[in-house]
Protein chains: 2
Amino acid sequence: MNGGLELTVGDDARRVEKTVGPSEGRAAKSARAPITPLIVEEKPICRHAIADLVSEVALTAPPSFASSLSEALKVAGARAPDLLLVDLFSVSFDFDGLRRLILASRAPAVAIDDRPNPSFAGLARMAGAQGYASKNYELDTFRAVIRAVIEGGAHFPRETSAARQRRTDVSGPSLGLSPRQMDVLKCIAVGMSNQQIATSLGITLGTVKLHIHAILRLTGTRNRTEAALIAGRFLAPTIED
Amino acid sequence: MNGGLELTVGDDARRVEKTVGPSEGRAAKSARAPITPLIVEEKPICRHAIADLVSEVALTAPPSFASSLSEALKVAGARAPDLLLVDLFSVSFDFDGLRRLILASRAPAVAIDDRPNPSFAGLARMAGAQGYASKNYELDTFRAVIRAVIEGGAHFPRETSAARQRRTDVSGPSLGLSPRQMDVLKCIAVGMSNQQIATSLGITLGTVKLHIHAILRLTGTRNRTEAALIAGRFLAPTIED
DNA sequence: ATATGAATATAACTTTGGTTATGCATGCGC
DNA sequence: GCGCATGCATAACCAAAGTTATATTCATAT
């Protein structure tokens, strides 16, 4: 694949937390057997690129593809992949679906995000992913994430872990929202319906509505659309920091 | 997964109208000189894939890259590209910016869309692009579009030409929406309720709902919140007026 | 140990949003 | 002139969003 020169002004500064654990992940099989990746991604052009990246960092068998998590579950059963690369928004973000795919296939997963801000990194981690990469990451970062996961480690944006552990977060400019409320807000901010949010987060429709009610009160907005617009401006700076 | 949200997208997205004109485009230089592409796309992984696709269908020099239209304008001045491949939503959809880039570089352009529905194909064409491809297209279709444009032809989704061409008020970026629909969209984009919109525009609640229904269909969105998010990026320049 | 407060959860109920069928006016091709 | 497409309008109907009351868990301050 051709190299090409980059004329961009790189904003990089993607600070990441890399946690390479002792090689024990399933994919870390003595480092030389070919890996069978399963790529869950609906856009053909991105499938192509992801497959290419994986083949750059490891010896791979021809990858399997799926356009949705449900399709991926079937494929995983048939092909027993060693490594998952999952677009978080193929169809829509689906927390439970992602978790089930990871559990069922018992392979380490790289969560791939269409959006520039790693708002969903925490959820991806909670769903069992071993790594997170936004499509806005530089290719080197992308490769580093894949490599780390293949080697049995983990690779997430810096603030992903800490924020979840303790809700006594004095630091975060969190608008006074609880972690769960933030999860819901992030979903609102990508245009998901209440039912989709409920499915994604594994809670009831009624509970979603309650969280949204609280969010509207706390953010001083009158409906989800206003909240989404606020969140767009609010989440963006928060994440980039 | 349950049998609910299948989101059947782009029923018509694959049927295309191919219009290979007489080879006269600037890129059609005797068919064998290497082409210098300029790729305007903010996601590194997509840049990579697009560059790869172009190199598959034509002999290319190393491509230039830009993350935004303004950056692209500078690069075009310095590198004089033969072929533009422009993501319509790098930063946000910018009709005038796209047109200026195409005029300034005097190179044929392939408009590349992040979204599954070719809602923006008409606008891309009106802005001077020679081809349109959604990232949800199969790679073969993608290659066909690029090839057609390189050879001096055009390649757009079928319904693009007729329906959109006749609009007389070609003043601004209008998303293919009628004036009234634009009024309503602007209201949605600031979080107004249907009743507020009705009062504000002096029409009935039912009429507002009809307009919104049409807007959702034309923009390929599923609810007002998604529409607002799109509009937020798309109206950004316009909305001040 | 126990009262307090905050976060999470659920369901019944009301309001708003989104869909569909239909009618009327204007502009354009034949 | 006439047919026909298009934009604007309306209301009835069903689905989704938003509100309210209530219960459970858990940390922590009396």
**Prompt:** So, for A:F120 and A:F89, is the gap between ring centers shorter than 6.0 Å?
**Reply:** yes
**Request:** Between B:N223 and B:L201, name the one whose nearest nucleotide on DNA chain D is closer to the 5' end.
**Result:** B:L201
**Rounded distance (Å) that lies between atom C1' of C:dT16 and atom CD1 of B:I212** = 11 Å
**Prompt:** Can you tell me how far C1' of D:dG7 sits from CD of B:Q181, to the nearest Å?
**Reply:** 8 Å
**Item:** Residues in salt bridge (Lys or Arg N to Asp or Glu O under 4.0 Å) contact with A:K209, at least two apart in sequence or another chain
**Value:** none
**Message:** Is the phosphate of D:dG18 approached by A:H213 (side-chain N or O, under 4.0 Å from OP1 or OP2)?
**Reply:** no
**Nearest-angstrom distance from the residue atom CZ of A:R180 to P of D:dT25** = 17 Å
Please output the side-chain donor-acceptor pairs of residues 199-208 of chain B that fall under 3.5 Å, not counting sequence neighbours, one pair per line with the distance.
| unit_1 | atom_1 | unit_2 | atom_2 | d |
| --- | --- | --- | --- | --- |
| B:T199 | OG1 | B:Q195 | O | 3.0 |
| B:T199 | OG1 | B:Q195 | NE2 | 3.4 |

**Message:** If you compare every side-chain N and O of A:R224 against the phosphate oxygens of D:dA16 (OP1, OP2), does one of them come in below 4.0 Å?
**Reply:** no
**Asked** Within this structure, what is the CE-to-C1' distance between A:M182 and C:dA7, rounded to whole angstrom?
**Response** 15 Å
**Message:** For A:R99, give me all partners under salt bridge (Lys or Arg N to Asp or Glu O under 4.0 Å), at least two apart in sequence or on another chain.
**Reply:** A:D96
**Message:** Just the rounded figure in Å: distance from P of C:dA9 to CD1 of A:I197.
**Reply:** 13 Å
**All salt bridge (Lys or Arg N to Asp or Glu O under 4.0 Å) counterparts of A:D87, not counting sequence neighbours** = A:K135
**Complete:** note: A:L185, atom CG; D:dA17, atom P; distance rounded to Å ~ 15 Å
**Message:** As a test of understanding, state which of A:I50, A:V75, A:V86 forms a side chain to side chain contact (heavy atoms under 4.5 Å, CB included) with A:V40.
**Reply:** A:V86
**Message:** Tell me which residues in residues 202-211 of chain A lie within less than 4.0 Å of DNA chain C, going by non-hydrogen atoms.
**Reply:** A:I203, A:T204, A:G206, A:T207, A:L210, A:H211
**Complete:** For A:N223, the side-chain hydrogen bond (donor to acceptor under 3.5 Å, both in side chains) test, sequence neighbours excluded, returns none
**Message:** Does C:dG18 have OP1 or OP2 under 4.0 Å away from a side-chain N or O of B:R222?
**Reply:** no
**Request:** May I ask you to verify if any side-chain N or O of A:N194 is less than 4.0 angstrom from the OP1 or OP2 atom of D:dA17?
**Result:** yes
**Item:** B:E226 CD to D:dA17 C1', straight-line distance once rounded to whole Å
**Value:** 16 Å
